[in-house]
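Take a look at the structure set out below.
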There are 2 protein chains.
Amino acid sequence: MNNEITSTSTATRSELSELLSDLVSVTNRLTRIAAQATGESTSPATWRTLSVLSSFGPMRLGELAKQSRVSQPTMTKIVANLNEVEWIRRIADVDDARAWQIALAPKGIKALDEWRDRLGSALAPLFTDLDHEEIDVISRAVDLLHECTDVRAADVVKAA
Amino acid sequence: MNNEITSTSTATRSELSELLSDLVSVTNRLTRIAAQATGESTSPATWRTLSVLSSFGPMRLGELAKQSRVSQPTMTKIVANLNEVEWIRRIADVDDARAWQIALAPKGIKALDEWRDRLGSALAPLFTDLDHEEIDVISRAVDLLHECTDVRAADVVKAA
DNA sequence: GACAGATGCATAGCTGAGCTATGTATAGTA
DNA sequence: TACTATACATAGCTCAGCTATGCATCTGTC
């Protein structure tokens, strides 16, 4: 059995790329656990979309597609669904009759909050053994990841 | 614009569940970035499967399904595909004629390594601004996440 | 100010991952 | 031996996401 990287704590990694692929692997796993634990029916892309709106405020459908990292037709569908359940509102763009501003609606804010709760509650049991300092490490890491993926990320991949 | 959580660094989180949902959100995003940047054609579940085999060694198809967090029929498909490209081998179980041991083949090890490289290379540019200490924080966080998701996770969700 | 090309969103249709339900063969057990 | 449980395979469905394309509107050039 070859337990190289995936083993346990304080693995020493020589390369940044090694760290990043580990990160993606482990969080991929975490996401799967969360999905199964919550029996989530709404797609990840939908939550990404709501998160983006929550973070950056109303924006055009196309822009939203880029930020949420889906194609424009996919975003058209997502927005249509979100509109039906009234989690977002479509606001006509006064400057451009082709465009819409997509805004988070109160129900959407509520849904996003509840999702965060469900997710947190489902995963929290896995992390009960961690002490305060370890929680803090993860917290700082999440902050760093936010910084690194927020805006500049858009430019790295096939610049918009 | 309501930049509460997703904003920038050193967000203070009152709840563990808040941290965890942030973590899932941000890594979900990261995974999307990686997928688009590498133009990945192989499914995440396939990489999870190979990772599991790499970490824990050969195991039965059913066990592999649980560890990779997919249904057994899905794993049957994944294994069939992996077998065709010779990334794994099927070894008849001597004790049970119904069962197979699934083992990582040399080509699979190679493919996994290459995937890690691609992933790392694609994401590394996002992280160039981080200093050594910050990288270390992420590294420790990844280790912690490994610990918390490895084995016990299986029990949390609808105990196998 | 009219036409050409660019841009924003919608629609059509496809692919592929993952699921549930079920089938088939082998194990275990009374 | 027969009955149930278990391991994997098969069938068929659903849904997310994609590309290609259509339609409407905007922008720039002559």
Side-chain angles (χ1 to χ4, degrees), chain A residues 28-29 31-50 52 58-85 88-103 157-160, chain B residues 28-29 31-50 58-85 88-103 157-158 160:
Chain A
N28 180 353
R29 191 175 171 79
T31 303
R32 263 322 260 185
I33 292 172
Q36 293 189 338
T38 61
E40 195 55 54
S41 60
T42 307
S43 81
T46 300
W47 295 120
R48 275 203 306 281
T49 300
L50 293 172
V52 168
M59 67 181 72
R60 292 179 164 203
L61 192 148
E63 181 63 21
L64 196 49
K66 277 177 207 156
Q67 292 291 333
S68 299
R69 310 220 150 241
V70 296
S71 67
Q72 171 264 309
T74 298
M75 185 50 68
T76 296
K77 279 189 197 173
I78 290 173
V79 164
N81 293 337
L82 288 175
N83 193 42
E84 262 182 37
V85 294
I88 56 112
R89 282 173 307 144
R90 313 179 68 127
I91 306 169
D93 190 314
V94 285
D95 298 326
D96 188 336
R98 297 168 303 177
W100 299 93
Q101 293 285 329
I102 310 297
V157 181
K158 301 175 185 171
Chain B
N28 180 353
R29 190 176 172 80
T31 303
R32 267 318 265 183
I33 294 173
Q36 293 189 338
T38 61
E40 195 54 55
S41 59
T42 307
S43 81
T46 300
W47 296 119
R48 274 204 307 283
T49 300
L50 292 172
M59 68 181 73
R60 294 180 161 199
L61 192 147
E63 182 62 22
L64 196 49
K66 277 177 206 154
Q67 291 293 331
S68 300
R69 307 220 152 243
V70 295
S71 67
Q72 170 264 307
T74 298
M75 185 50 68
T76 296
K77 278 189 197 172
I78 291 174
V79 164
N81 293 338
L82 288 175
N83 194 42
E84 263 182 35
V85 293
I88 54 113
R89 282 174 307 143
R90 312 180 69 127
I91 305 168
D93 190 315
V94 286
D95 298 327
D96 188 338
R98 298 168 303 178
W100 300 93
Q101 293 285 330
I102 311 297
V157 180
K158 301 174 185 172

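Here is the naming used below: chain letters follow the sequence lines, and residue numbers restart at 1 for every chain.
Contact of the A:Gln67 side chain with the B:Arg29 side chain is registered, since non-hydrogen atoms from C-beta on lie closer than 4.5 Å. Between A:Thr42 and A:Glu40 the shortest side-chain heavy-atom distance falls below 4.5 Å.
Distance CG (A:Leu61) to P (D:dT25): 17 Å, rounded to an integer number of Å. The interatomic distance linking A:Asn81 (CG) with D:dG17 (C1') rounds to 13 Å, in whole Å. The interatomic distance linking B:Ile78 (CD1) with D:dA9 (C1') rounds to 15 Å, in whole Å. A:Trp100 places its CH2 atom 8 Å from the P atom of C:dA10, with the value rounded to the nearest Å. Put simply, CG on A:Asp93 is 15 Å from C1' on D:dA24, counting in whole angstrom units. The interatomic distance linking A:Leu64 (CG) with C:dA10 (P) rounds to 12 Å, in whole Å. Spacing between atom CE of B:Met75 and atom P of C:dT20 amounts to 14 Å, rounded to whole angstrom units. Across the protein-nucleic acid pair, A:Glu63 atom CD and C:dT7 atom P stand 15 Å apart, rounded to whole Å.
In this structure, a donor-acceptor pair under 3.5 Å is absent between the side chains of A:Arg60 and A:Gln101. A donor-acceptor contact under 3.5 angstrom links the side chains of A:Arg48 and B:Asn28, judged on distance only.
Side-chain atoms of B:Gln72 and base atoms of D:dA9 include a donor and an acceptor less than 3.5 Å apart.
B:Trp47 pairs by the ring pair (Phe, Tyr, Trp, His ring centres under 6.0 Å) definition with B:Trp87, B:Trp115, not counting sequence neighbours.
Residue B:Arg90 places its side chain closer to D:dA9 than to any other of D:dC26, C:dT11, D:dA9.
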Exercise. Passes side chain to side chain contact (heavy atoms under 4.5 Å, CB included), A:Thr76 versus A:Leu61? Steps please.
Worked result: CA-CA 7 Å; A:Thr76 296; A:Leu61 192 148; 3.7 Å; yes
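For B:Arg69, no side-chain nitrogen or oxygen approaches OP1 or OP2 of C:dC19 to under 4.0 Å. An OP1 or OP2 oxygen of D:dA16 is reached within less than 4.0 angstrom by no side-chain nitrogen or oxygen of A:Thr74. OP1 or OP2 of C:dG18 has not a single side-chain nitrogen or oxygen of B:Ser71 nearer than 4.0 Å.
Comment: A:Arg98 does not engage A:Asp93 in a salt bridge, judged by the lack of any side-chain N to carboxylate O separation of less than 4.0 angstrom.
Between A:Arg98 and A:Ser41, the residue whose closest nucleotide on DNA chain D is further toward the 5' end is A:Ser41. Mapping A:Gln101 and A:Arg32 onto DNA chain C by nearest heavy atom places A:Gln101 at the nucleotide closer to the 5' end. Comparing A:Asp95 and A:Pro44 against DNA chain D, the residue whose closest nucleotide sits nearer the 5' end is A:Pro44.
Across all strands shown, B:Pro73 has heavy atoms under 4.0 Å from base atoms, whether or not it also approaches the sugar-phosphate. Note on A:Ala80: nothing from the nucleic acid sits closer than 4.0 angstrom, heavy atoms only. Residue contacts shown for B:Ser43 are limited to sugar-phosphate atoms, with no base heavy atom under 4.0 Å away.
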Each nucleotide N or O in nucleotides 12-14 of chain D that has a protein N or O under 3.5 Å away: list the pair and distance.
none

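Nearest heavy-atom pair across B:Arg90 and B:Val79 is NH1-CG1, 3.8 Å.
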